[in-house]
There are 2 protein chains.
Amino acid sequence: MSQDGIDLETSVGYLLKEASSALRAAMEAVLRPLGMTVTHYSCLELLSQRPGLSNSELARGAFVTRQSMNVLLQALERDGYVTRPVEARVGKVLPTQLTPRGRHSLEKATAAVRSVEVRMLSGMTREEQAAASGMLRSIVQSLRTTEGSEQQG
Amino acid sequence: MSQDGIDLETSVGYLLKEASSALRAAMEAVLRPLGMTVTHYSCLELLSQRPGLSNSELARGAFVTRQSMNVLLQALERDGYVTRPVEARVGKVLPTQLTPRGRHSLEKATAAVRSVEVRMLSGMTREEQAAASGMLRSIVQSLRTTEGSEQQG
DNA sequence: TGACTCATGTCAGAAGTCTGACATACGGTT
DNA sequence: AACCGTATGTCAGACTTCTGACATGAGTCA
């Protein structure tokens with residue numbers, strides 16, 4: 001019991017959560033004046049870079065369930081930010097597109113979010129940023145391996 | 001429009017969210033069989049390492065609002081995992097303590113979470129882990145600076 | 001062709017978290 | 001002492017996200 005708990009001050013997991021929480025809070029702060037949430041923005045940004053993504057693909061990209069993304073997409077469609085075909089051309093997949101209004105709304109949000117990212121990286125050199133990316137990728141990779149397979153049986 | 005959006009594949013912010021999401025999912029997977037959520041566990045772990053924390057302090061430590069933590073604490077108190085004095089000795093602060101039952105429940109959870117953290121760090125050397133900690137701390141520091149002060153006016 | 005598996009879109013209900021608001025208590029200032 | 005800004009605990013309502021469930025369609029295999 002010398003090391004009974006996970007030392008929160010040193011734990012990479014805790015620091016990861018702290019950093020992610022700080023980033024989310026900062027994004028919320030700059031997106032709120034634009035009437036946009038983080039998931040809302042993530043969805044639009046994904047559609048901007050990869051037009052035609054389906055509901056499920058957007059959900060995976062924004063790290064929410066497809067049910068949650070569905071709720072959001074219906075609201076975005078209702079408000080005219082995105083469009084989806086009424087019927088699927090193949091299977092059940094409904095490719096989503098950004099409307100001009102959605103694109104316009106995204107512009108300001110992207111600028112705001114970029115300012116946050118710039119601030120976040122302000123104290124790091126290019127090399128450190130590259131190292132950070134590699135490290136985060138490594139973490140994702142490690143966690144994906146045998147993900148829950150021991151528990152899910 | 002050559003760099004109109006934030007390239008999600010390269011963005012440190014996106015990778016940070018992805019890593020944090022993967023960590024959370026992995027933690028949820030191992031905590032679910034124990035009937036425990038991540039916030040639930042965080043609260044207990046915080047109390048184990050720093051007995052007597054108040055509701056607001058626990059909220060900050062678990063990265064939720066004090067209202068959310070209050071809801072959780074009431075449930076934990078009702079179920080006998082923690083105790084709080086009925087009246088504050090000084091101010092309104094109610095120092096929270098882990099009960100034996102809470103401590104016992106935490107033991108299994110800590111082991112489960114530690115296995116996740118071990119898996120997360122499996123591909124990294126000690127030096128890389130230290131570098132990761134430093135980098136995450138740097139990010140938190142940068143984001144805290146002038147946090148929302150431009151927007152909150 | 002038929003059965004099976006997998007992925008998708010969607011609905012409904014439950015759970016967690018958030019914002020807004022209020023009363024209370026401390027600390028420093030006047 | 002009186003005031004003011006800050007922090008805390010708490011209640012209430014709303015929002016977001018989740019889990020559970022169902023039907024549909026593609027792909028595989030016998």
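Lettering of chains follows the sequences in order, A, B, ..., and the numbering in each one begins at 1. None of these values were measured; they are calculated from a predicted model. Every heavy atom of this structure was used, including side-chain atoms; hydrogens, water molecules and symmetry mates were not.
Counting all heavy atoms, side chain and backbone alike, A:C43 lies closest to A:L73 at SG-CD2, 3.9 Å. In terms of heavy atoms, B:V12 sits closest to A:S133 at CG2-OG, 3.7 Å.
We find that CG of A:L73 is positioned 13 Å from C1' of C:dT8, with the value rounded to whole Å.
Residue pairs meeting the salt bridge (Lys or Arg N to Asp or Glu O under 4.0 Å) criterion with at least one member in residues 17-28 of chain B, sequence neighbours excluded, are A:R144-B:E18, B:R24-B:E28.
Between B:L72 atom CG and B:H40 atom NE2 the span is 6.5 Å, to the nearest 0.5 Å.
Annotation: salt bridge (charged side-chain N to carboxylate O under 4.0 Å, His left out) contacts of A:R50 (sequence neighbours excluded): B:E9. The side chain to side chain donor-acceptor pair (under 3.5 Å) test applied to B:S54 returns B:E57, not counting sequence neighbours.
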What side-chain donor-acceptor pairs closer than 3.5 Å can you find for residues 58-67 of chain B, not counting sequence neighbours?
residue: B:T65; atom: OG1; partner: B:S68; partner atom: N; Å: 3.2
residue: B:T65; atom: OG1; partner: B:S68; partner atom: OG; Å: 3.1

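The end-to-end axis angle of the helix from C:dT1-D:dA30 to C:dT30-D:dA1, rounded to 10 degrees and based on five pairs per end, is 30°.
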Worksheet item: Going through the checks in order, is the side chain to side chain contact (heavy atoms under 4.5 Å, CB included) test met by B:V86 and B:L94?
Response: CA-CA 8 Å; B:V86 190; B:L94 298 176; over 6 Å; no
Practice prompt. Determine, for nucleotides 3-18 of chain D in 5'-to-3' order, which nucleotides have protein heavy atoms under 4.0 Å from the base (write B), from only the sugar-phosphate (write S), or from neither (write -).
Written response: -----BBBB-----SB
